[in-house]
Amino acid sequence: MSPVTALGHAKINLALGVGPLRADGFHELDTIFQSLDIHDRVTVTPVDGPPGVRRLTVAGLGADAVPTDRTNLAWRAAELVLGDLTGVPAVDIHIEKGIPTAGGMAGGSADAAAALRATAEVLRVVTGTGSSEAQLLEHARALGSDVPFTLLGGTRRGTGRGELLEEIPATRTRHWALAFNRRGLSTPEVFRTLDAMRVGAGCVASGDTSELLAALLADAGPEEIAPLLSNDLGAPALRLSPGLAEILRVGESAGALAGIVSGSGPTCGFLCADAVTAREVGGAVAGACCDIRMTATATGPAPGAQLVPR
Ligand code: ATP
């Protein structure tokens, strides 16, 4: 059987409200996710050997920072799909990274979602047993907070720890410039910094997504959307990585309608009026900011994880 490839798309949080820390160690979130047309390619190949994942390799953007053992989310995703069914194949997994690692764009989650779809397809062909969408979603929830969204894509509101999803029928194309940093930020450390800042300030106020939600549902233009973008993790990401302030300033003065930290950072996303402005903003940021590894343009919404037709 030939290899099966699936694409996993990056996400940006158009709004990210972080509530108090829950007893289970997660924060209560109210977020609006949008998938972007920046992706990783995950290829699953049936090979000879005992059932399960035999080997995982990674190439592409920031590949040296990605684990190649069982701690890789794509490996765990494939194992969940293969489960302990009889007659399952051994597989090799190869990931071609296009999403920055530890960049606040859910790269690992996107790989997990793509691995779920590709492994399910391998299993269907080899054993004739398919996985239902409900089973894949259940695996996605078990793998991590952002995996259900990266499986489904589009524009969705996420509550709980981000895994309870509600589709937002907002299909208007949004144009982004993205600035990828040389160094990543640890998501748990950004949350811990937010908690510490809130103790210092004596409050746990969380951002409100309702105005943005209404604007998206009304198909509002980018000028109306821009002032409604928000991210409670922006301040702690800036505390940990102060150079982000200059990147945001340069992008906004180069013509972006708004600059935000993407998720837990340090990637910065700039909402622009159109594709031409997005290219100009990316060029200005790349030229002026030395912490930047590279810039890219992207549009959203993009689909969820999907098989590449063979
Ligand atoms: P999020 O936005 O979901 O908080 P992120 O985009 O900031 O995540 P990831 O790129 O998912 O961060 O990487 C976070 C950590 O997860 C990495 O430092 C790496 O050790 C680990 N990891 C596990 N699997 C993968 C993978 N397939 N790709 C990238 N990192 C992975």
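Only a predicted model underlies this, so the values are computations on that prediction, with no experimental measurement involved. Just follow the structure's listing: the first ligand is 1, and inside any ligand the first atom is 1.
Scanning all protein heavy atoms for the shortest distance to atom 17 (C) of ligand 1 gives T101 CG2, 4.0 Å. Among all non-hydrogen protein atoms, the one lying nearest atom 3 (O) of ligand 1 is D146 OD2, 2.7 Å. Scanning the protein for heavy atoms near atom 7 (O) of ligand 1, the closest one is G104 N, 2.7 Å. Of the protein's non-hydrogen atoms, the one nearest atom 25 (C) of ligand 1 is G108 CA, 3.8 Å. Counting only heavy atoms of the protein, atom 13 (O) of ligand 1 lies nearest to A102 N, 3.5 Å. The protein atom (non-hydrogen) at minimum distance from atom 29 (C) of ligand 1 is K97 NZ, 3.5 Å. Here the protein heavy atom with the shortest distance to atom 27 (N) of ligand 1 is D111 OD2, 2.8 Å. The nearest heavy-atom contact from the protein to atom 4 (O) of ligand 1 is T187 OG1, 2.8 Å.
Using modelled atom types, one finds a donor on one side chain and an acceptor on the other under 3.5 Å when comparing T299 with D37. For the residue pair T43 and T5, a side-chain donor N or O sits within less than 3.5 Å of a side-chain acceptor on the partner.
Protein heavy atoms come within 4.0 Å of atom 23 (C) of ligand 1.
Which parts of ligand 1 touch T71 is read off a 4.0 Å heavy-atom cut-off, strictly below it: atoms 23 (C). The G103 neighbourhood of ligand 1 comprises atoms 5 (P), 6 (O), 7 (O), with distances under 4.0 Å to a heavy atom of that residue. Within the listing of ligand 1, atoms 2 (O) sit less than 4.0 angstrom from a heavy atom of K11. Within the listing of ligand 1, atoms 26 (C), 28 (N), 29 (C) sit less than 4.0 angstrom from a heavy atom of V66.
The shortest heavy-atom contact between A256 and F270 is CB-CB, 3.7 Å. The two residues R182 and C290 have their closest heavy-atom pair at NE-O, 3.2 Å. Considering all non-hydrogen atoms of both residues, L233 and G263 come closest at CB-O, 3.6 Å. Between P266 and L185, the shortest heavy-atom contact is CD-N, 3.5 Å.
The shortest N or O to N or O distance between A65 and ligand 1 is not below 3.5 Å. Below 3.5 Å of separation, one finds an N or O of A106 facing an N or O of ligand 1. Close N/O approach between A74 and ligand 1 is not found [any backbone or side-chain N/O within under 3.5 Å]. Any N or O atom pair closer than 3.5 Å counts here, and L185 shares no such pair with ligand 1. Considering backbone and side-chain atoms alike, G265 places every N or O at 3.5 Å or more from each N or O of ligand 1.
With respect to the salt-bridge test (charged N to carboxylate O, under 4.0 angstrom), the residues E121 and R124 qualify. Ionic pairing of K97 and D111 is present here: one or more N-O contacts between side-chain nitrogen and carboxylate oxygen are shorter than 4.0 angstrom.
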Report task. Go through the steps for N13 and T31 under the test side-chain hydrogen bond (donor to acceptor under 3.5 Å, both in side chains), then give the verdict. Result -> CA-CA 7 Å; N13 301 77; T31 185; 2.8 Å; yes

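Residue contacts with ligand 1 include P67, since one of its heavy atoms falls under 4.0 Å from the ligand.
Sorted by first then second residue, the ring pair (Phe, Tyr, Trp, His ring centres under 6.0 Å) pairs that include residues 21-69, not counting sequence neighbours, are H9-H39, H27-F191, F33-F149. For residues 72-121, no residue pair satisfies the ring pair (Phe, Tyr, Trp, His ring centres under 6.0 Å) rule, not counting sequence neighbours.
Cluster annotation: V47 and V122 are assigned to distinct hydrophobic clusters (Ile/Leu/Val/Met/Phe/Trp/Tyr, side-chain heavy-atom contacts under 4.5 Å, transitive).
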